[in-house]
Undergrad: 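Take a look at the following structure, please.
Residues take their numbers from the sequence shown, with the count starting at 1. Being a predicted model, the structure only gives us computed values, none of them experimental.
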Amino acid sequence: MERVTLKEYEAAKTAVLYGKEYKENSNMENNVIYKQYVCKDGSGVFYERTENGKTEFWSTEHSESRLYVDGGESKPESTEKDELSEDRQKAIKRLYKLVYWFVDEMLNEEDAEVKEAAEFEKQCKEEPDKLQYRVSAHSHNAEVMKDCMREARDAAEFLKNKENDIEEWQVAGINAMFDRCNAEKIIPYDLPTAVKGLLCMHILCKPICIEAETK
């Protein structure tokens, strides 16, 4: 059974319960404490079994049991930095999927613009004496999709970089955003911007402007 740190244990619980109402069920049998944290919306359950300061836990998000030992030795710092957490990898995959979705939307808008322009040109030729108007937002929409793609890609690359010190609560927040969007079956265009805001990228990745010297 994989042994984890307190930080990883708390992150695993947060991934299931973050931002949700839940009910805690607890009972004890032969000095073993059993707990269940059940989300009221039915989206997930977090399970714990604690005995002699050792907590075995699993969830609907991660069915394989892991072990946290209260007061036990943590993983070496180098190991934590070398390996991205499971939840962080999940957030990265979701962001890349979001990039591909925006790519498809962008191409659809560009195709629609080409088709609409061709039909308009044909109509003008068929009725040369008639004043024709065409108002289209397809080109603008395609540019919006490109911006969304860039922001989602930048957030994924930021998460992939092991040098960036990202807290597990931030990762849990990102996954919670995606979970909520999946539940509502929507993909907001400002979702990548919200993710970058949660990661404080508008501050950490702000370019440094150096004023050029004038002669």
Side-chain angles (χ1 to χ4, degrees), residues 15 18-21 39-44 61 84 86-164 166 169-215:
Y18 180 82
K20 301 176 183 177
E21 293 186 16
C39 295
K40 292 185 177 180
D41 61 2
S43 60
E61 273 290 312
L84 298 179
E86 182 179 333
D87 290 333
R88 187 163 169 177
Q89 292 181 44
K90 180 179 180 180
I92 292 169
K93 290 179 181 179
R94 284 175 147 182
L95 282 165
Y96 278 126
K97 287 182 180 179
L98 187 62
V99 172
Y100 298 144
W101 187 85
F102 283 128
V103 169
D104 185 59
E105 289 293 296
M106 180 197 69
L107 293 175
N108 288 338
E109 292 289 348
E110 290 182 341
D111 290 344
E113 170 65 22
V114 172
K115 181 180 179 181
E116 191 177 275
E119 290 176 351
F120 180 74
E121 185 178 353
K122 179 182 178 182
Q123 187 175 342
C124 290
K125 289 181 179 179
E126 291 175 351
E127 300 178 285
D129 298 329
K130 185 177 180 181
L131 183 62
Q132 307 282 353
Y133 295 92
R134 184 171 83 91
V135 179
S136 175
H138 294 304
S139 296
H140 172 73
N141 291 343
E143 289 300 318
V144 172
M145 294 303 102
K146 287 181 182 178
D147 290 339
C148 293
M149 287 161 48
R150 291 188 186 99
E151 292 205 305
R153 180 203 61 188
D154 291 348
E157 292 295 319
F158 188 82
L159 280 169
K160 279 178 63 179
N161 189 340
K162 298 174 183 178
E163 297 300 318
N164 291 326
I166 300 170
W169 66 264
Q170 293 174 291
V171 177
I174 294 170
N175 283 318
M177 288 184 195
F178 278 97
D179 290 339
R180 188 65 184 180
C181 290
N182 288 338
E184 296 185 11
K185 297 182 179 180
I186 58 171
I187 300 181
Y189 292 164
D190 55 356
L191 178 57
T193 304
V195 172
K196 291 179 70 175
L198 184 58
L199 294 172
C200 299
M201 291 178 62
H202 59 296
I203 299 173
L204 299 176
C205 300
K206 187 176 181 180
I208 300 175
C209 299
I210 301 176
E211 186 176 353
E213 292 184 1
T214 56
K215 293 184 179 180

Undergrad: Taking C-beta and beyond as the side chain, do L191 and C181 meet within less than 4.5 Å on heavy atoms?
TA: yes

Undergrad: Between E121 and K125, does any NZ, NE, NH1 or NH2 come within less than 4.0 Å of an OD or OE carboxylate oxygen?
TA: yes

Undergrad: Taking side chain as C-beta onward, heavy atoms only, is M177 less than 4.5 Å from L198?
TA: yes

Undergrad: Can you measure from CD (E113) to NE2 (H138) and round to the nearest 0.5 angstrom?
TA: 6.5 Å

Undergrad: With side chains defined as the heavy atoms from C-beta onward, is the minimum distance between N164 and L199 less than 4.5 Å?
TA: no

Undergrad: How far does CD of E110 sit from CE of M106, to the nearest 0.5 angstrom?
TA: 4.5 Å

Undergrad: Which distance, rounded to the nearest 0.5 Å, do you find between the OG1 of T193 and the CE of M201?
TA: 10.5 Å

Undergrad: Tell me whether F178 at atom CZ has more than 12 heavy atoms from other residues, nucleotides or ligands lying less than 6.0 Å away.
TA: yes

Undergrad: Give a yes or no on whether the backbone of D87 and the side-chain of N175 come within a donor-acceptor separation of less than 3.5 Å.
TA: yes

Undergrad: Could you grab the distance from atom CG of N108 to atom CG of N141, nearest 0.5 Å is fine?
TA: 11.5 Å

Undergrad: For E151 and K196, indicate whether the former's side chain and the latter's backbone hold a donor-acceptor pair under 3.5 Å.
TA: no

Undergrad: Does CD in Q132 sit with more than 12 non-hydrogen atoms of other residues, nucleotides or ligands closer than 6.0 Å?
TA: yes

Undergrad: May I ask you to decide whether K146 forms a salt bridge with E143, counting only side-chain N to carboxylate O separations under 4.0 Å?
TA: yes

Undergrad: Would you check if K122 and E126 make a side-chain contact, meaning some heavy-atom pair closer than 4.5 Å?
TA: yes

Undergrad: Considering only NZ, NE, NH1 and NH2 on the basic side and carboxylate oxygens on the acidic side, decide whether R180 and D41 come within less than 4.0 Å.
TA: no

Undergrad: Could you pull out the closest heavy-atom pair between A176 and Y18, with the gap in Å?
TA: CB-CD2, 3.4 Å

Undergrad: Answer whether the closest heavy-atom distance between the side chains of V195 and R94 falls below 4.5 Å.
TA: no

Undergrad: For A91 and I174, work out which heavy atoms get closest and say how close.
TA: CB-CG2, 4.0 Å

Undergrad: Can you name the closest pair of heavy atoms from P192 and C148 and give their distance?
TA: CG-O, 3.7 Å

Undergrad: Does R134, at its CZ atom, have more than 12 non-hydrogen atoms belonging to other residues, nucleotides or ligands within less than 6.0 Å?
TA: yes

Undergrad: Taking everything shown except F120 itself, do over 12 heavy atoms lie less than 6.0 Å from its CZ?
TA: yes

Undergrad: Starting at CG of L95, measure out to NZ of K160 and round the result to the nearest 0.5 Å.
TA: 11.5 Å

Undergrad: Taking atom CD of E127 as the centre, report whether more than 12 heavy atoms of other residues, nucleotides or ligands fall under 6.0 Å from it.
TA: yes

Undergrad: Would you say D147 and F102 make side-chain contact, with heavy atoms under 4.5 Å?
TA: no

Undergrad: Hey, what do you get for CD (Q170) to SG (C200), rounding to the nearest 0.5 Å?
TA: 6.0 Å

Undergrad: Which heavy atom of R88 sits nearest to which heavy atom of I166, and what is that distance?
TA: NH2-CD1, 3.4 Å

